[in-house]
Amino acid sequence: MEVAASPDQVWDHVISFPNITSPEPWLFRWGIAGPLRARIEGTGIGAVRYCEFSTGDFVEPITVWEPNQRLAFDVRYQPDPLFELSPYGHIHPPHLDGFMKSKRGEFRLIALPNGSTRLEGRTWYEIDMYPQTYWRLWCDAIVHQIHL
């Protein structure tokens with residue numbers, strides 16, 4: 001996405017960001033985990049970013065720290081991918097355990113000639129639910145919406 005700000009202005013919002021106040025996309029309103037805010041403890045390689053989702057926190061140790069250019073991280077822990085909708089209250093069906101496992105992610109900030117920044121987000125994940133081709137369509141759509 002293109003952001004109307006310089007990379008040094010965008011950087012602070014990549015490493016941490018306050019509560020997201022824009023309206024939730026429909027899939028997050030239906031129980032799929034959506035981002036709320038992010039915070040970071042420390043700076044540089046070895047710092048830990050906590051990306052807070054509606055189902056809990058992703059714990060992301062920083063592996064690449066290039067201010068105003070690139071932030072990369074592993075995923076040490078991830079919360080449930082969704083709240084299962086059920087008339088029986090809170091349930092935890094086995095299909096929530098590890099069917100979509102985030103491995104790592106990165107953000108790249110590219111300065112544009114007009115003073116804006118192109119922000120690229122990437123997430124590497126595995127799907128352990130068949131048929132994988134079918135579930136990849138859904139997972140790609142969800143990850144894309146999270147990046148937005």
Side-chain angles (χ1 to χ4, degrees), residues 1-85 90 92 95-130 132-148:
M1 77 171 44
E2 187 171 327
V3 181
S6 66
D8 63 312
Q9 293 170 304
V10 174
W11 177 256
D12 289 338
H13 295 283
V14 168
I15 61 173
S16 67
F17 54 88
N19 290 346
I20 295 174
T21 58
S22 58
E24 279 186 309
W26 68 268
L27 64 140
F28 299 148
R29 289 192 304 263
W30 281 85
I32 294 176
L36 303 174
R37 67 192 72 79
R39 61 187 170 81
I40 192 163
E41 292 180 359
T43 58
I45 295 172
V48 179
R49 183 173 181 261
Y50 298 87
C51 194
E52 300 175 31
F53 273 60
S54 53
T55 57
D57 294 358
F58 278 80
V59 179
E60 305 165 341
I62 305 302
T63 57
V64 175
W65 182 278
E66 298 171 5
N68 308 329
Q69 295 177 32
R70 184 173 171 229
L71 179 75
F73 49 86
D74 289 335
V75 177
R76 181 183 303 150
Y77 174 81
Q78 71 179 57
D80 288 339
L82 57 89
F83 285 119
E84 189 76 28
L85 300 176
H90 181 72
H92 187 87
H95 67 263
L96 294 182
D97 294 330
F99 90 89
M100 180 183 175
K101 185 168 217 83
S102 294
K103 304 305 268 178
R104 62 189 178 100
E106 78 170 6
F107 293 99
R108 291 182 183 260
L109 291 75
I110 299 151
L112 300 176
N114 65 1
S116 295
T117 302
R118 184 172 69 225
L119 177 60
E120 297 177 350
R122 290 185 179 84
T123 299
W124 286 261
Y125 64 89
E126 296 174 353
I127 300 171
D128 190 19
M129 189 176 221
Y130 295 94
Q132 287 181 335
T133 304
Y134 170 79
W135 288 109
R136 179 160 309 279
L137 293 172
W138 284 102
C139 292
D140 283 350
I142 291 166
V143 169
H144 180 71
Q145 192 61 56
I146 289 167
H147 286 173
L148 289 176

**Student:** Tell me whether Thr55 contacts the main-chain N or O of Pro81 through its side chain, where contact means a donor paired with an acceptor under 3.5 Å.
**Tutor:** no
**Student:** Taking atom CD of Gln132 and atom CG of Leu137, what is their separation to the nearest 0.5 Å?
**Tutor:** 12.0 Å
**Student:** Going by heavy atoms in the side chains, are Asp140 and Tyr125 under 4.5 Å from each other?
**Tutor:** yes
**Student:** Check for a donor-acceptor pair, side chain of Gln78 on one end and backbone N or O of Met100 on the other, with a separation under 3.5 Å.
**Tutor:** yes
**Student:** Closest heavy-atom contact between His147 and Thr123?
**Tutor:** NE2-OG1, 2.8 Å
**Student:** Atom CG in Leu27, atom CD1 in Ile32: separation rounded to 0.5 Å?
**Tutor:** 4.5 Å
**Student:** Taking atom CG of Asp74 and atom CZ of Phe58, what is their separation to the nearest 0.5 Å?
**Tutor:** 13.5 Å
**Student:** Using every non-hydrogen atom in the two residues, find where Ala4 and Ser116 come nearest and quote the distance to one decimal.
**Tutor:** CA-OG, 3.7 Å
**Student:** Does the side chain of Asn114 reach to within under 4.5 Å of the side chain of Glu2, using non-hydrogen atoms?
**Tutor:** yes
**Student:** Where is the tightest heavy-atom contact between Ile62 and Arg49, given as atom of each residue plus distance?
**Tutor:** CD1-CB, 4.0 Å
**Student:** To the closest 0.5 Å, what do you measure between SG (Cys51) and CD1 (Ile146)?
**Tutor:** 8.5 Å
**Student:** Side chains of Asp57 and Arg39: closer than 4.5 Å at any heavy-atom pair?
**Tutor:** yes
**Student:** Is it true that Glu52 and Arg37 have a side-chain N and a carboxylate O under 4.0 angstrom from each other?
**Tutor:** yes
**Student:** Between Trp135 and Phe99, how do the two ring planes meet: parallel, tilted or perpendicular, split at 30° and 60°?
**Tutor:** perpendicular
**Student:** Please tell me if the side chains of Val10 and Phe107 come closer than 4.5 Å, counting only heavy atoms from C-beta onward.
**Tutor:** no
**Student:** Under a 4.5 Å cut-off applied to non-hydrogen side-chain atoms, are Trp65 and Leu71 in contact?
**Tutor:** yes
**Student:** Output all residues satisfying salt bridge (Lys or Arg N to Asp or Glu O under 4.0 Å) with Arg122, sequence neighbours left out; order by chain, then residue number.
**Tutor:** Glu106, Glu120
**Student:** Write down the atom of Ala111, the atom of Pro7, and the distance for their closest heavy-atom approach.
**Tutor:** CB-CG, 3.7 Å
**Student:** Just wondering, are more than 12 heavy atoms of other shown residues or ligands nearer than 6.0 Å to CH2 in Trp138?
**Tutor:** no
**Student:** First locate atom CZ of Phe73, then atom NZ of Lys103, and finally report the distance between them rounded to the nearest 0.5 Å.
**Tutor:** 14.0 Å
**Student:** Supply the atom-to-atom distance Arg76 CZ to Tyr50 OH, rounded to the nearest 0.5 angstrom.
**Tutor:** 7.0 Å
**Student:** Taking the side chain from Arg29 and the backbone from Glu24, do they hold a donor-acceptor pair closer than 3.5 Å?
**Tutor:** yes
**Student:** Going by heavy atoms in the side chains, are Asp128 and Lys101 under 4.5 Å from each other?
**Tutor:** no
**Student:** Side-chain contact test, heavy atoms from C-beta onward, threshold under 4.5 Å: evaluate it for His13 versus Val3 and give yes or no.
**Tutor:** no
